[in-house]
Q: 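Input: one structure, supplied below.
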Amino acid sequence: MIVVNGNEYPFKEGVSLLSILKEHNKSLFKEAIVAKEDDKLIDLSTLVSDGVNYTVFTAESPEGLETIRHSAAHIMAQAVKTLLPEAKVTIGPVIENGFFYDFDVENPFTPEQIQKIEKEMKKHVQANYEFHRTVMSRDEAVKHFEALGEIYKVEIIKELPEDQNITFYKQGDFIDLCRGPHIPFSGRLKAFKLLNAAGAYWRGDEKNRMLQRIYGTAFSTKEELDQYLNFLEEAKKRDHRKLGKELDLFSFQKEGVGFVFWHPKGMTLRNQLIQFWRDLHEESGYVEINTPIILNKELWIKSGHYANYKENMYFTQIDEMEHAVKPMNCPGCMLFYNTSLHSYREFPIRVAELGLVHRHERSGTLHGLMRVRQFTQDDAHIFMLPSQITTEIKGVVNLIETIFKKLGFSDVNVEISTRPAKFIGNIEDWDTAEAALKQALDELNYNYEINEGDGAFYGPKIDFSIKDSLNRRWQCSTIQLDFALPERFDCTYIGEDGKKHRPIMIHRAIYGSIERLIGILIEEYAGKFPLWLAPVQMKIIPVSSEKHLEYSQEVYKRLKNSKFRVELDDRGEKLGYKIREAQLSKVPYMLIIGDQEVENQTVAVRHREHGDLGSMSLFDFFEKLSSEL
RNA sequence: GCCUACAUAGCUCAGACGGUAGAGCACCUCCUUGGUAAGGAGGAGGUCACCGGUUCAAGUCCGGUUGUAGGCUCCA
């Protein structure tokens, strides 16, 4: 007997899972993509063994979808080889929303070629080739691919363990090295699209040859594919670079590549975020400092940045002495710490700094507000006793939670990075610190991933990332322990025993970069900022710019005096026109003032999303606003 | 930095074959004083990113530079 998806079938020697389905379960047979034996994904062509429990997946399952995408990459490679036989194939994995395949070709792919490749793929799908799995020995495999001139495959095979059987998949006359599993027939690939092409280094190493990568995606149905393509379109509309221009928040100029020009409305966003941040930090027992953005080279040698981070730093001369523009705030804070003698009784000392830092990023990596060369970090350094680590980390995590909640982010990813191969300090300190980080997150019931060995050389860290509109993750908050800097700067405190000790120090940032955060917020809200952030909170629109002007100005003054960000549109345009403009500028409230409002001393409130809310007294409107803020 | 594509008015975009620039919106002026997403008329605005080449003639063809976009790499 064998079991498939809970149903028992008689066992027969030398029969594949697919044949079993074909015989006993026609509907599942038609939909089946891949299967699982215990925890191992297998092809449907696998011959069944007696007494085994199999699970068969359709395209609807994550396993099925991933297999479809993987096979789509192979079919794409097949199509490329059909059209360009001299192309050399490399690798073609599944990625978050699709797949790609890298080719070594003489000339980069043109959009027309991509179209042709897509058409060719459709032919291969139509042909409904069987994906045939074969096994070869290493030597056979190397010979096979050497004969074909597929040098990249040869390279990969040579790196596989000597004794390992190497599997191949053949569909039509195309054969590719692959661990599998794959869809049973190419016809099971029902909905796919090639998206774009780009250069990519072989093995991601810029010293290697640049290959040409084609990205594509595949879904279980045409509807889902269309839905995804639609999502990409929608995401484009939310792109912070587009909205930043439309809403006049900021700009970039060729005179300063990677440096943001903040326009008045963008400045309001910054200031609101900063004010919220300051209030919260003051409540949470932080002090705030500000340190210079230019400091001499000796400092950066001492901090280790000169040795480890020089490539990303800008240098300048002052009185013939070399100086650097700060890429980080920590050394300045160390100097501040050392300006006085500290006692363990003061601990923890929480020192915040909204520090303007400059980092040289390679030109090709710049991306709107998300990656720039000058940005403001909402930094803080906390000095403490070893026994205070967990409590302090928890304090920071709570602060992060409060802030993300206010900003409306729910999809936050948390990762702990532990001791790397190259590290400073002693292992006991690392172990204590890593345990403290985990304990803090555990006590707060956080789910997190662990990146073993991914910590900085100076200490372990917790990173928090959130998503932009295209589901790209951006790291914002970070909490990093640092064993190096207190040492390098000889920071000390006087302990209970009257002797000098080395304090524990953490760096932390919550917004990460104010620039990046605003970029993410623009996309998160699609430009419709909540009332507390909105650059303009309400616009007063008189029906007639003559008859209703006086009362409109009075309303304007009262709102202005109550510290609201209000504008009065007193142009001689028609009501519909002014509403349209206000609507497009995404102002939360429009206050329409006509004869009725003047007479009753009210305002007609229109909300950017809920439309006309009717007339109300200014007092009621204030009540409404305060309930929203 | 590397690969590819793109660069025309403030914005969004047209400009087959090379014959010295065009629309809509925005802006300015005038008319219109209009009740919940565009009232009308007129006007002004461009060294076609920059530098060089081919040509009688370059927005258009070629080369380079700069910037932008999508990736690679790197990171807040």
Side-chain angles (χ1 to χ4, degrees), chain A residues 100 102 105 107-111 114 195-215 236 239 241-242 245-246 248 251-258 309 311-312 327-329 355 357 359-379 456 463-465 470 474-478 480 507-517 519-520 541-549 571-585 590-597 604-608 611-615:
Chain A
F100 68 77
D102 287 347
V105 281
N107 299 305
F109 296 107
T110 60
I114 303 259
L195 297 171
N196 53 343
Y201 300 105
W202 167 236
R203 309 218 135 154
D205 187 336
E206 59 189 301
K207 289 189 199 78
N208 292 337
R209 182 168 163 78
M210 181 156 286
L211 308 171
Q212 295 303 321
R213 173 173 299 180
I214 302 178
Y215 284 92
K236 262 191 214 162
D239 190 313
R241 294 166 299 187
K242 182 175 147 71
K245 200 185 269 183
E246 282 173 12
D248 200 15
S251 65
F252 286 95
Q253 310 293 335
K254 61 178 181 305
E255 287 78 359
V257 175
Y309 206 70
E311 304 308 309
N312 289 288
M328 296 184 196
N329 305 300
V357 297
R359 297 181 185 176
H360 181 71
E361 298 293 344
R362 298 159 103 188
S363 59
T365 65
L366 301 174
H367 180 93
L369 294 177
M370 302 301 199
R371 185 176 277 96
V372 292
R373 287 178 173 160
Q374 180 204 62
F375 59 97
T376 304
Q377 261 189 328
D378 65 320
D379 223 335
D463 289 325
F464 298 74
S465 63
L470 280 171
W474 295 97
Q475 192 194 312
C476 291
S477 311
T478 181
Q480 312 186 346
H507 312 258
R508 51 112 277 198
I510 299 179
Y511 291 162
S513 140
I514 294 182
E515 283 71 10
R516 175 177 293 178
L517 178 74
I520 297 170
I541 304 177
V543 175
S544 157
S545 61
E546 288 164 14
K547 271 200 294 181
H548 312 124
L549 186 62
R571 294 173 305 168
E573 296 289 350
K574 287 188 111 173
L575 179 61
Y577 181 86
K578 292 197 274 194
I579 287 178
R580 179 183 153 79
E581 268 199 359
Q583 194 76 41
L584 289 174
S585 74
M590 285 151 264
L591 303 180
I592 317 298
I593 290 172
D595 288 340
Q596 275 181 49
E597 287 70 32
V605 180
R606 180 190 163 95
H607 186 262
R608 67 181 164 201
D612 192 352
L613 304 179
S615 285

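For clarity, every value in this text was computed on a predicted model and none was experimentally measured. Below, chain A is the first sequence line, B the second, and so on; all start at residue 1.
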Q: Can a donor-acceptor pair be found, under 3.5 Å and without considering hydrogens, that links the side chain of A/E581 to the backbone of A/K578?
A: no
Q: Determine yes or no for a side-chain-to-main-chain donor-acceptor pair under 3.5 angstrom, with A/R213 supplying the side chain and A/A198 the backbone.
A: no
Q: So, taking the atom named CE in A/M328 and the one named NE2 in A/H507, what distance separates them when rounded to the nearest 0.5 Å?
A: 8.5 Å
Q: Just how far, in rounded Å, is P of B/G70 from CG of A/D239?
A: 7 Å
Q: What interatomic distance, in whole Å, is found between P of B/G53 and the corresponding atom of B/A26?
A: 43 Å
Q: For the CG atom of A/L517 and the CH2 atom of A/W474, what is their distance to the nearest 0.5 Å?
A: 13.0 Å
Q: In Å and rounded to the nearest 0.5 Å, what is the CG to CE distance from A/D205 to A/M210?
A: 11.0 Å
Q: Find the distance A/F375:CZ to B/C74:C1' and express it as a whole number of Å.
A: 13 Å
Q: Of A/D205 and A/E361, whose closest RNA chain B nucleotide lies nearer the 5' terminus?
A: A/D205
Q: With nearest nucleotide decided by heavy atoms, which residue, A/T478 or A/R373, maps closer to the 5′ end of RNA chain B?
A: A/R373
Q: A/F100 near the nucleic acid: base, sugar-phosphate alone, or nothing, with a heavy-atom cut-off under 4.0 Å?
A: nothing
Q: Along nucleotides 29-44 of chain B, 5' to 3', which nucleotides get a B, which get an S, and which get a -, given that the test is a protein heavy-atom distance under 4.0 Å?
A: ----BBBBBBS-----
Q: Sticking with atom C1', work out how far B/U60 lies from B/C48, rounded to a whole angstrom.
A: 10 Å
Q: Measuring only the P atom in each nucleotide, how far is B/C30 from B/A14? A whole number of Å is fine.
A: 36 Å
Q: Could you spell out the base pairing of RNA chain B as a dot-bracket line? Use Watson-Crick and G-U wobble contacts where both distances are under 3.5 Å, [ ] for crossing pairs, | for partners on a different strand.
A: (((((((..((((.....[..)))).(((((.......))))).....(((((..]....))))))))))))....
Q: Can you tell me if A/Q377 touches the phosphate of B/A76, counting only side-chain N or O atoms and a distance under 4.0 Å to OP1 or OP2?
A: no
Q: Check whether any side-chain N or O of A/R606 sits under 3.5 Å from a backbone N or O of A/D612 as a donor-acceptor pair, and report yes or no.
A: no
Q: Using whole Å, report how far NZ of A/K207 lies from P of B/C74.
A: 11 Å
Q: Roughly how many Å is it from CG in A/L195 to C1' in B/U4, rounded to a whole number?
A: 16 Å
Q: Would you check if the side chain of A/R508 reaches a backbone N or O of A/D378 as a donor-acceptor pair within less than 3.5 Å?
A: yes
Q: Applying a 4.0 Å non-hydrogen cut-off, can you work out what A/G204 is touching in the nucleic acid: base, sugar-phosphate, or nothing?
A: sugar-phosphate
Q: Within this structure, what is the CZ-SG distance for the pair A/R516 and A/C476, rounded to the nearest 0.5 Å?
A: 6.5 Å
Q: Could you give the CZ-to-C1' distance, from A/F109 to B/G71, as a whole number of Å?
A: 14 Å
Q: Would you say a side-chain N or O of A/T365 is under 4.0 Å from OP1 or OP2 of B/C74?
A: no
Q: Using the C1' atom on both, measure B/A38 against B/C3 and round to a whole Å.
A: 44 Å
Q: Does B/C75 have OP1 or OP2 sitting under 4.0 Å from an N or O in the side chain of A/H367?
A: no
Q: Given the P atoms of B/C74 and B/C6, what is the spacing between them in whole Å?
A: 29 Å
Q: Atom CZ of A/R241 and atom C1' of B/G67: how far apart are they, to the nearest Å?
A: 14 Å
Q: Remember a base hit wins even if backbone is also touched, and classify A/V357 as base, sugar-phosphate or nothing at under 4.0 Å, heavy atoms.
A: nothing
Q: Any base atoms under 4.0 Å from A/Q212, or only sugar-phosphate, or nothing? Heavy atoms, all strands.
A: sugar-phosphate
Q: Pick the C1' atom in B/U8 and in B/G59, then give their distance to the nearest Å.
A: 7 Å
Q: Roughly how many Å apart are B/U20 and B/G15, using the C1' atom of each and rounding to a whole number?
A: 14 Å
Q: Should the pair A/R241-A/D239 be classified as a salt bridge under the 4.0 Å nitrogen-to-oxygen rule?
A: yes
Q: Hey, is CD on A/E255 packed in by over 12 heavy atoms from elsewhere, all under 6.0 Å?
A: yes
Q: Could you tell me the separation between the CD atom of A/E206 and the P atom of B/C72, rounded to a whole number of Å?
A: 13 Å
Q: Taking atom types as they are modelled, would you say the side chain of A/Y201 forms a donor-acceptor pair with the base of B/G1 within the 3.5 Å cutoff?
A: yes
Q: For the P atoms, the ones on B/G43 and on B/C2, what distance do you get once it is rounded to whole angstrom?
A: 50 Å
Q: Rounded to whole Å, how long is the line connecting atom CG of A/N312 with atom C1' of B/C75?
A: 8 Å
Q: With rounding to the nearest 0.5 Å, note down the distance linking OG1 in A/T376 to CG in A/N329.
A: 9.5 Å
Q: Less than 4.0 angstrom between a side-chain N/O of A/K254 and OP1 or OP2 of B/C50, yes or no?
A: no
Q: Give, for atom CD1 of A/I541 and atom NE2 of A/H548, the distance between the pair rounded to the nearest 0.5 Å.
A: 13.5 Å
Q: With no angle test and no hydrogens, is the base of B/C75 tied to the side chain of A/R371 by a donor-acceptor pair under 3.5 Å?
A: yes
